[in-house]
Protein chains: 2
Amino acid sequence: MRLSTKAQYAVRAMVDLSLNSAGRPVSLKEISRREEIPLNYLEQLFYRLKKGNIVESVRGPGGGYILARGSSHILVGDIVATVEEPLNPVACLDEGSEVCSRISRCVTHDVWKGLGERIRGFLDSITLEDLTREARGVSSEE
Amino acid sequence: MRLSTKAQYAVRAMVDLSLNSAGRPVSLKEISRREEIPLNYLEQLFYRLKKGNIVESVRGPGGGYILARGSSHILVGDIVATVEEPLNPVACLDEGSEVCSRISRCVTHDVWKGLGERIRGFLDSITLEDLTREARGVSSEE
DNA sequence: TAATAGTTGACAGATTTAGTAAGGCATGTT
DNA sequence: AACATGCCTTACTAAATCTGTCAACTATTA
Ligand code: FES
Ligand code: FES
């Protein structure tokens, strides 16, 4: 029941982006340095994030990425779902999949379905703005 | 964010066990046949389930497994946690692990921690009895 | 036109998972 | 006592997934 590092990296990178973008685009190079995430790996992640309409890119010198919308409208669940395709606990929930077993029409199916809904529900209850605000608070504390 | 087949098999097998044990022990051979789960694989699972005090074994001919306590006191979360050791979404929650990054003392950490708690909370809210009852209902419906 | 920075696909190494194999042990039956 | 049943335990392998790297390309701006 592990989240992939993709998801962890993506969320951290998005917080970093939101935190350090003062109107201007932020390059992956910067994020890579600050967050210690391999640049090439970040590229893959942002490729997906862009296709998921979570960020927009600005090409050329001085370019980079910017948020596609206000951070209060970007949910952690969006980021995770975009980068880690099917957020379902079991394969049969994915799309055109068959039932896993015949016993009583698979009672356990509903359990996993409910679990998936809880997971999504929780991650969708947190916005990028929440994390950014918290990050600012934490770094000035102590 | 996938559950291992271990967890899926284990829960299904436990429902099967609870459903088919009328006081007498149920052999893994039976469960294996009914649920179409490889016998050797089941043995591994029940080895753990026994160590987790969820089932008890009866050796010798006519032996098998029985529930260690009433099905209303066995939580789905117990089964999953026993068979799929650390139920945490990220490694740093496990035990003696280091912090994943230094940015602002890792804001995302609390998110994953909360997620783990939700997952456990949900799975702990369902008992084996719930599933057994449902299984009985479903098979007679329709 | 040269430098910057994003875009995209291919690929390899490491790790994890799923499943198999095999031998041993305990218990009850004949 | 011998045998059959069925649990107990470890070891191993094949397959899938995950993580990260490489390399070549395209668009933009100074
Ligand atoms: S059919 Fe979905 S868990 Fe069995
Ligand atoms: S330290 Fe736990 S997620 Fe970063």
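Computation of the quantities below employed the complete heavy-atom set of this structure, encompassing side-chain atoms and omitting hydrogens, waters and symmetry-equivalent molecules.
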Revision key, fill the gap. To the nearest angstrom, the OH-P distance between B:Y47 and C:dA21 comes to 21 Å
Review point. Counting just side-chain N and O atoms, does A:S57 come under 4.0 Å of either OP1 or OP2 of C:dT7?
Key: yes
Review point. Is there side-chain contact between B:E30 and B:D16, with heavy atoms separated by less than 4.5 Å?
Key: no
Point to revise | A:L42 CG to C:dT7 P, straight-line distance once rounded to whole Å | key: 13 Å
Practice item. Look at the aromatic rings of B:Y41 and B:Y9 and report parallel, tilted or perpendicular, splitting at 30° and 60°. Key: perpendicular
Review point. Whole-Å distance between C:dG19 C1' and B:I37 CD1?
Key: 12 Å
Review point. Reading nucleotides 12-26 of chain D 5' to 3', which nucleotides get B (base under 4.0 Å from a protein heavy atom), which S (sugar-phosphate only), which -?
Key: -------BBBB---B
Check your understanding: Side chain of A:R12, backbone of A:E35: donor and acceptor closer than 3.5 Å?
Key -> yes
**Study point:** Side-chain (B:T127) to main-chain (B:D130) donor-acceptor, under 3.5 angstrom
**Key:** yes
Practice item. Using whole Å, report how far CG of B:L45 lies from C1' of C:dT17. Key: 12 Å
Review point. Between the side chain of B:S18 and the main-chain N/O of B:V15, is any donor-acceptor distance below 3.5 Å?
Key: no
Check your understanding: Can A:W112 and A:N88 be said to form a side chain to side chain contact (heavy atoms under 4.5 Å, CB included), step by step?
Key -> CA-CA 8 Å; A:W112 312 136; A:N88 299 316; over 6 Å; no
Check your understanding: In terms of the nearest nucleotide of DNA chain C, which residue is placed more toward the 5' end: A:G62 or A:K51?
Key -> A:G62
Check your understanding: Under 4.5 Å between any side-chain heavy atoms of B:L115 and B:M1, yes or no?
Key -> yes
Point to revise | Separation of D:dA4 C1' from B:K29 NZ (nearest whole Å) | key: 10 Å
Revision key, fill the gap. A:R48 CZ to C:dG9 P, in whole Å, measures 12 Å
Review point. How is A:F46 classified with respect to the nucleic acid when contacts are heavy atoms under 4.0 Å: base, sugar-phosphate, or nothing?
Key: nothing
Review point. Rounded to the nearest Å, what distance is computed from the CG atom of residue B:L49 to the C1' atom of nucleotide D:dC7?
Key: 14 Å
Exercise for review: Starting from P on C:dA5, measure out to CD1 on A:I66 and report it in whole angstrom.
Suggested key: 15 Å
